[in-house]
Amino acid sequence: MWEVHDFPVPADLAKTAHLDAAGYEKMYRESIENPEAFWAEHGKRIDWIKPYSKVKDVSYDASDLHIKWFHDGTLNAAANCLDRHLAERGDQVAIIWEGDDPKDDKKITYRELHRDVCKFSNALKDLGVKKGDRVTIYLPMIPEAAVAMLACARVGAVHSIVFGGFSPDALAGRIQDCDSNIVITADEGLRGGRTVPLKVNTDKALEDCPDCKTVVVVKRTGGSVNFVEGRDHWYHEICDAASDDCPPTEMGAEDPLFILYTSGSTGKPKGVLHTTGGYMVYASMTHQYVFDYRDGEIYWCTADVGWVTGHSYIIYGPLANGATTLMFEGVPNYPDFSRFWQVCDKHNVSIFYTAPTAIRALMREGDGPVKSTSRKSLRILGSVGEPINPEAWMWYHEVVGDKRCPIVDTWWQTETGGILITPLPGVTNLKPGSATLPFFGVEPIIVDGDNKVLEGATEGNLCIQDSWPGQMRTVYGDHERFIQTYFTTFPGRYFSGDGCRRDEDGYYWITGRVDDVINVSGHRMGTAEVESALVAHDKVAEAAVVGYPHDIKGQGIYAYVTLNAGLEPTEELRKELVTWVRKEIGPIASPDLIQWAPGLPKTRSGKIMRRILRKIAANEHDALGDTSTLAEPAVVDDLVENRMNK
Ligand code: WT7
């Protein structure tokens, strides 16, 4: 539909930018040639209680792997997001909350947010929460989620947010893994006019978590909930009773700030651990440069705080920068497909950051719902979570941004804490579909399967050569798994798990995961997790799960299921299995297609040949490649014959 072409920086944008292309190159070169000096300088953007004298202590050597930044400095993350703004911008709005219902909204100033956080911090202390304790947060997109995060940071507790769309089982697994003995939740969530039974889910999860003895409940909908005497506390009651004077706890730069669970290619989700100093420096610096944030602007990231995007670019980055950050409880299509743009107009949003899956879903509804709004406040558009296809990029640029707004396609991961590859607005010439160039201090390297560095225009596995301050430090409780997952495939480098192409201009094009991780609507899912949920059903003998191209979601979930002997596949059972997986993990893990497989293609040693299953799911069965090592080649013919994605 759109002619895809490159977009050189328009002259008017270049004029107002803080840097030009040569300036970026110079600053980038300095950051790579002398990271110590570069970060010693930029670390000062954060307020330190005790300034650091050491900047970087990193080894990627598997026998002695450690990552430390600013490690003799001390600080408090919440004080950086709140206290330090009070003198100059105490009455500026920190959070604009836009409810699920367009009639519901709220503005919270820095002074009010500071007071709320201090009160809840004291309430947490009264409940026995101490520095280093893990606090699970299972909340919808309401201001109390920001308050809870910042209160944890203020008292030195480590928050672990579990996305409100996860099931009781998934919640229980995460509570157990990090030995958390307190959960902060709400009576119900509200999304797209429908309630989400968060308290009911929490009660179910806690049946399997005997050590979790405290629950704090935010009243969101007022729906009736079961209340366990002695265990459950109303958020508003304990806050009302608490003092609003709570000095921030002095934390070491390398003290943990949060844990966030994310899926990998094998096993159960990993607790990605981020620490305080380097993370805050990196989140705030990227937020300022990548979105060209300017004082007084309204900035909106549509992510949920249950994902890392919400941590770094709704809460910590923007608030550290004294920005006004918009928090949206709802969904893009409620009450109608114009909602995003109506919210932009209502609150004068300058910077808008969302995921390609949302763009594609809205694009399908045509230009009408966009064009019925003004969007004249918009200045910069952002994309994150998965590769954005050039058609969606063009529509975002031409229709949403009226050809005025640069798009920053930001590549990063839960593990990286902040954006690593991205254009800078008014600085970088854009190519639709490319995340373009590395941020300061980030050295991308493309290697082949033997860890040989590939130079120039090339394609291969995307690694990062050296550390940056926002990098994860370990997998909570399993440092060995951290080393194995990220530093052994290509020794001496951080391996992202993504494939990548670099073009003749040095621009990076992410091609997607090269491991058994799939990206469904920008959410990361381990195929192994879905498989283990399926085989936990008593009628399932075996299951293999792969991703396949999906118009809206980017990738859909395709499951091959072998039933126990003697069982007849039925439509009813197919539905039952989908419901089962939703219950085991959550709606985001629902298989889109289930194919009954009398057998799975295996090598003679019994290994499932996923390469073949991926081809069949993608409807590319003409190019199955070498099948000579299959134990039973006839299995493949049956799978091709009965494929679901015709
Ligand atoms: C994976 C990380 C980063 C926060 C949201 C997802 C994919 C992310 C892009 C992009 C192409 C992207 C990668 C990455 N991804 N951003 N701009 N272009 N792919 O965080 O759940 O940790 O997933 O998302 O495959 O490895 P996550």
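We count ligands from 1, going down the list as the structure has it; atoms in each ligand are counted the same way. Basis for what follows: all heavy atoms, side chains included, without hydrogens, waters or symmetry-related copies.
Stacking of R174 on the aromatic ring of F166 is recorded, both the 6.0 Å distance cut-off and the 45° axial limit being met.
Here R360 does not pair with E391 in a salt bridge; the nearest charged N to carboxylate O distance is not below 4.0 Å.
Ring planes of Y313 and Y353: perpendicular class, angle over 60° (limits at 30 and 60°).
The ring-ring contact (aromatic ring centres under 6.0 Å, His included) test with W468 is passed by exactly one of Y494, Y279, W412: Y494. Tested against F291, the residues W300, F352, Y299 include a single ring-ring contact (aromatic ring centres under 6.0 Å, His included) partner, Y299.
For the residue pair I552 and T357, the shortest heavy atom distance occurs at O-OG1, 2.9 Å.
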N/O to N/O under 3.5 Å, ligand 1 against protein:
unit_1, atom_1, unit_2, atom_2, d
ligand 1, 15 (N), G385, O, 3.3
ligand 1, 16 (N), G385, N, 3.1
ligand 1, 17 (N), D409, OD1, 2.7
ligand 1, 17 (N), T410, O, 2.8
ligand 1, 18 (N), E386, O, 3.3
ligand 1, 19 (N), P387, N, 3.4
ligand 1, 22 (O), T414, N, 2.8
ligand 1, 22 (O), T414, OG1, 2.6
ligand 1, 22 (O), R524, NE, 3.4
ligand 1, 22 (O), R524, NH2, 2.8
ligand 1, 24 (O), G385, O, 3.2
ligand 1, 24 (O), N519, ND2, 3.3
ligand 1, 25 (O), D498, OD1, 2.7
ligand 1, 25 (O), D498, OD2, 3.2
ligand 1, 26 (O), Q413, NE2, 2.9
ligand 1, 26 (O), D498, OD1, 3.3
ligand 1, 26 (O), D498, OD2, 2.7
ligand 1, 26 (O), R513, NH1, 2.9

